[in-house]
Amino acid sequence: MPCDDAFDKCVTSCRLENIHMIRQFCLLIVLLCSCSAIGFGQSKALKKANELYKDYKYYEAIPIYEEYLEGKYGNGRDIPTKMKLAQSYRRTAQTEKAEPLYAEIVSRPGVNVKQMFYYGQVLMTNGKYSEAKEWFLKYDSEVEDDDRGANMAEACDNVWLIDPRHRSLRLERLDINSDGDDFSPVPFNDGLIFVSDQGKIGKKGGFGWTGRNFLSLYYAKQNASGRFENPKKTFNKITSPQKNMGPIAIHPDGKSIIFTRNSSKAGKGGEFRMQLFEASLSKDGSTGKARLLPFVSPNYNFMHPAYNQDGSVLYFSTDKGGGYGQTDIWMVKRKGDDWGRPENLGELINTQSSEVFPFVGEDDGLYFSSRGLAGLGGFDIFYAPMHEDGFHDEPTNLGAPYNSSKDDMGIYVFPGQKTGYLASNRETGLDDIFSFEAYEIKLIGLVVDEANRPIKDARVTLKAAYELRDQQLDAQARFTDEVAANKTYSVIAQADGYITDSASVSTIGIMDDETLNVRIVLKETKQIIEPPVVYTPPPTPKPEPVVVSKEATEAQQPLTTIRVIDKQSKQPLGNATLLLADGSTQRTDGAGLFMIEPSRARNVKASYPDYFTRRGQLRNKADGTQEVLVELDKIQLNKAIKIENIYYDLDKDFIRADAALELDKIVTLMRDNPTLEIELGSHTDSRGSDAYNMDLSQRRARSAVDYIVSRGTQRYRIVAKGYGETRLTNRCSNGVRCNKTEHQANRRTEFTVTKY
């Protein structure tokens with residue numbers, strides 16, 4: 001019954017003498033009726049949004065969720081609905097809108113831990129790496145058998161350490177891009193074929209996930225000036241209405257095409273998943289009848305085809321069973337018209353997240369996009385070289401500006417590996433196609449004295465934002481290095497007997513190949529560097545009383561406590577020898593303590609028989625005073641000690657800036673313990689051949705030793721030793737299936753004391 005009819009019937013059916021009370025009662029009925037109608041309307045709208053969400057029609061569901069949550073009866077407290085809206089934003093690449101919703105969701109007690117991971121993903125995509133790391137670690141602490149949280153937290157730390165494939169890259173957004181998604185470009189007939197959902201939506205409606213057209217294939221011809229003409233739909237014979245067309249692969253002989261399209265047959269759950277089809281291809285671009293590839297299934301998505309150079313192998317991505325994560329890269333061999341059995345590329349390539357959009361380069365190396373490997377955020381583009389025995393190297397992140405914190409995917413690389421196309425949503429929030437061309441800026445440096453004589457034993461460091469590299473000088477005291485565009489570098493030169501000096505070099509505005517030159521002149525100094533004071537304790541040392549300076553007592557200044565302890569047992573080390581910054585020595589008392597004026601408490605070193613000499617850490621105590629804590633490790637001959645955070649670039653043995661910072665700690669240790677002799681060992685995991693790993697580990701160990709020697713350690717005191725995969729720390733030997741964390745445990749650098 002309509003609400004106004006209910007009011008009239010209520011009034012006329014009541015006794016007139018109680019008309020005032022009756023009106024109040026009837027008004028209440030109408031109010032309840034009205035509220036019920038509004039509540040029913042809100043409930044109906046929410047039900048509709050949830051149905052759209054369930055059908056992956058996120059774009060259509062978003063405005064309904066927004067209106068509901070902003071309305072009186074949504075009242076902003078409906079966390080399940082907010083969760084669906086956040087997921088809808090995330091899945092339509094609206095991460096800026098998703099971020100505040102996830103922030104509220106994860107703050108509620110009892111939240112599903114997956115939301116913590118999604119929040120971390122959104123923060124990372126928005127370039128907020130430190131905040132993202134926090135939530136990845138929280139997720140990792142809540143789950144088992146899932147490495148994604150730990151891997152992504154580590155990725156947030158290493159974002160600025162990713163060494164780019166090319167330091168300078170011209171990236172240009174093509175004019176064929178539309179107001180929709182445009183991606184997966186493939187050169188064809190003097191132009192480009194690409195995937196797009198551009199144009200007006202037809203009478204039958206569009207794709208609910210995006211709110212735009214279904215994806216189709218377009219062709220844009222490139223004219224003599226290099227510009228692309230207006231794109232037009234192509235391959236209409238294999239295009240079906242109300243179905244998405246996806247990326248294509250053209251066989252190297254140009255006679256056939258493999259493409260992605262929604263299945264005509266519903267799989268489990270009633271969904272029409274992406275499938276791989278094949279059709280003949282003529283020179284004019286016309287196609288034959290589409291045939292479904294024999295190894296696909298309507299129960300899974302099969303998409304993103306890519307041929308190797310001779311057409312004998314097809315790569316693709318799928319979420320079929322037997323993989324490592326959400327979508328994996330697989331391969332299948334082709335012999336004539338027959339197809340073999342698909343094979344997963346394994347855990348080096350695939351992760352617990354998603355790997356998609358494979359492309360094979362001129363050397364049969366594999367390019368692909370991953371959300372699970374360490375990168376800048378979103379999907380990043382990676383490269384894995386092909387060897388005779390397959391893929392056995394960890395993929396390399398192409399770095400910026402190939403990659404960004406957003407989604408970067410669908411790369412095509414021309415021979416020479418310096419030019420090509422890729423797709424990214426970094427600028428507009430929609431997938432756009434960019435052309436890229438790498439160029440090189442060389443820096444040639446020279447270090448001389450005031451008489452213009454080369455100082456060939458000078459040490460040169462190149463420093464810029466997130467870069468720190470040492471240079472190797474030749475016999476003429478020259479070095480050559482490639483530098484990145486749009487940066488300002490400091491070139492720092494130092495040498496024994498000379499005053500350290502530096503020069504500034506800018507690459508801002510350089511957009512093509514160029515060579516820059518820098519010349520640094522060092523002035524001689526007469527300063528004499530005294531050797532470090534080494535204190536040898538007497539044969540039978542006796543504890544000495546605590547010494548308090550008269551001046552400090554008279555001034556009633558709070559003294560600083562120097563405390564020396566065993567690092568493992570935390571027990572005090574009495575009668576430890578203290579070497580102070582002014583060159584004097586003192587001893588701790590029986591409790592491992594010594595009191596000193598604050599002005600003399602810096603740069604304190606402590607030594608004790610059979611322990612490493614170490615430097616102290618000055619810290620504030622709760623009572624307002626300061627303490628210098630020196631924790632000493634006992635020396636154990638022939639016991640390996642791991643050096644943390646020593647990483648190398650893929651298949652490389654040079655010392656990266658982050659590894660140099662860790663090796664500098666060994667340099668300090670060798671300086672503070674001048675009688676120490678060590679072996680520095682490098683270890684690999686079991687992936688790759690035994691001989692290859694042995695050679696690589698020896699080269700890496702030698703590079704680390706060379707670095708330490710260059711910092712002033714005598715070469716006879718340190719020996720390089722590569723162990724390859726002969727000393728694994730766990731079960732992950734040849735043929736054993738292990739995750740990335742387990743393999744990482746075997747990739748380590750250690751030092752062993754051989755004499756002291």
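Quantities reported herein were computed from a predicted structural model and do not represent experimental measurements.
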Determine whether the side chains of [X] and [Y] contain a donor N or O and an acceptor N or O closer than 3.5 Å.
X: Thr729; Y: Asn746; value: yes
X: Asn403; Y: Arg426; value: no
X: Tyr608; Y: Asp566; value: no
X: Asn397; Y: Tyr402; value: no
X: Asn693; Y: Glu725; value: yes

Is it true that [X] and [Y] have a side-chain N and a carboxylate O under 4.0 angstrom from each other?
X: Arg748; Y: Glu750; result: yes
X: Arg614; Y: Asp633; result: yes
X: Asp481; Y: Arg469; result: yes
X: Arg699; Y: Asp695; result: yes
X: Glu679; Y: Arg717; result: no
X: Arg671; Y: Asp664; result: no
X: Arg453; Y: Asp449; result: yes
X: Lys570; Y: Glu631; result: yes
X: Arg711; Y: Asp706; result: no
X: Asp610; Y: Lys634; result: no
X: Lys418; Y: Glu437; result: no
X: Arg615; Y: Asp672; result: yes

For a quick test of reading the model, state the closest non-hydrogen atom pair linking Asn486 to Gly509 and the distance between them.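 Taking Asn486 first and Gly509 second, the nearest heavy atoms are OD1-N, 3.4 Å.
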Tell me, with the steps shown, if Asp470 and Lys463 meet salt bridge (Lys or Arg N to Asp or Glu O under 4.0 Å). CA-CA 9 Å; Asp470 291 323; Lys463 184 178 180 182; over 6 Å; no
Can the ring centres of His166 and Tyr439 be said to be less than 6.0 Å apart?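 Judged by ring-centre distance (under 6.0 Å), His166 and Tyr439 do not meet the cut-off.
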Quick one: does NZ or CZ of Arg165 land under 6.0 Å from the six-membered ring centre of Tyr383, within 45 degrees of the ring axis?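 Yes, a cation-pi geometry.
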Can you measure from CD1 (Ile381) to CD1 (Ile411) and round to the nearest 0.5 angstrom?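 These two atoms lie 4.0 Å from each other.
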Would you say that more than 12 heavy atoms from the other residues, nucleotides or ligands in this model lie under 6.0 Å from the CD of Gln472, or not?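 Result for CD/Gln472: open.
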Parallel, tilted or perpendicular: which one describes the rings of His683 and Tyr723, with boundaries at 30° and 60°?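 Rings of His683 and Tyr723: parallel, under 30°.
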